[in-house]
Amino acid sequence: MDIILNGETVAVGDGITVVALLEQQGLGARRVAVEVNGEIVPRGRHAEHRLQPGDRIEIVHALGGG
């Protein structure tokens, strides 16, 4: 199925979860915020939130510094 990831069309497996998408993108260990169709998905729900065809996902990396 196709999703829109940070503005780009990406093909992923049917029923992929947010956590699986993050791992696929090499972000599994990173601190990120994930928004699906304009709604933040809390980190505690990443493993259960399944994506649907056409979903718009934005992943934002947390940056540290001072």
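Keep in mind that the numbers below use all heavy atoms, side chains included, and drop hydrogens, waters and symmetry copies. Small disclaimer: the values here were computed from a predicted structure and weren't measured.
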side-chain contact (heavy atoms from CB on, under 4.5 Å) between H49 and V34: does it pass, once the steps are laid out?
-> CA-CA 11 Å; H49 189 98; V34 179; over 6 Å; no
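- The structure places CZ of R50 at 9.5 Å from CD of Q52, a figure rounded to the nearest 0.5 Å.
- Listed here is the closest heavy atom pair of R43 and R30: NH2-O, 3.9 Å.
- Taking the side chain to side chain donor-acceptor pair (under 3.5 Å) definition, one finds that R45 meets it with E48, sequence neighbours left out.
- Within the 4.5 Å cutoff, side-chain heavy atoms of M1 are placed close to those of L51.
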For a quick test of your reading: what N or O donor-acceptor pairs under 3.5 Å do the side chains of residues 8-23 make, sequence neighbours left out?
from, atom 1, to, atom 2, distance (Å)
T17, OG1, A20, N, 3.1

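- The side chain to side chain donor-acceptor pair (under 3.5 Å) search around N37 returns D55, not counting sequence neighbours.
- Among all heavy-atom pairs drawn from I59 and N6, the shortest one is N-OD1, 2.8 Å.
- Rounded to the nearest 0.5 Å, atoms CG (L5) and CD (E58) are 7.5 Å apart.
- To the nearest 0.5 Å, atoms CD1 (I3) and CD1 (I57) are separated by 4.0 Å.
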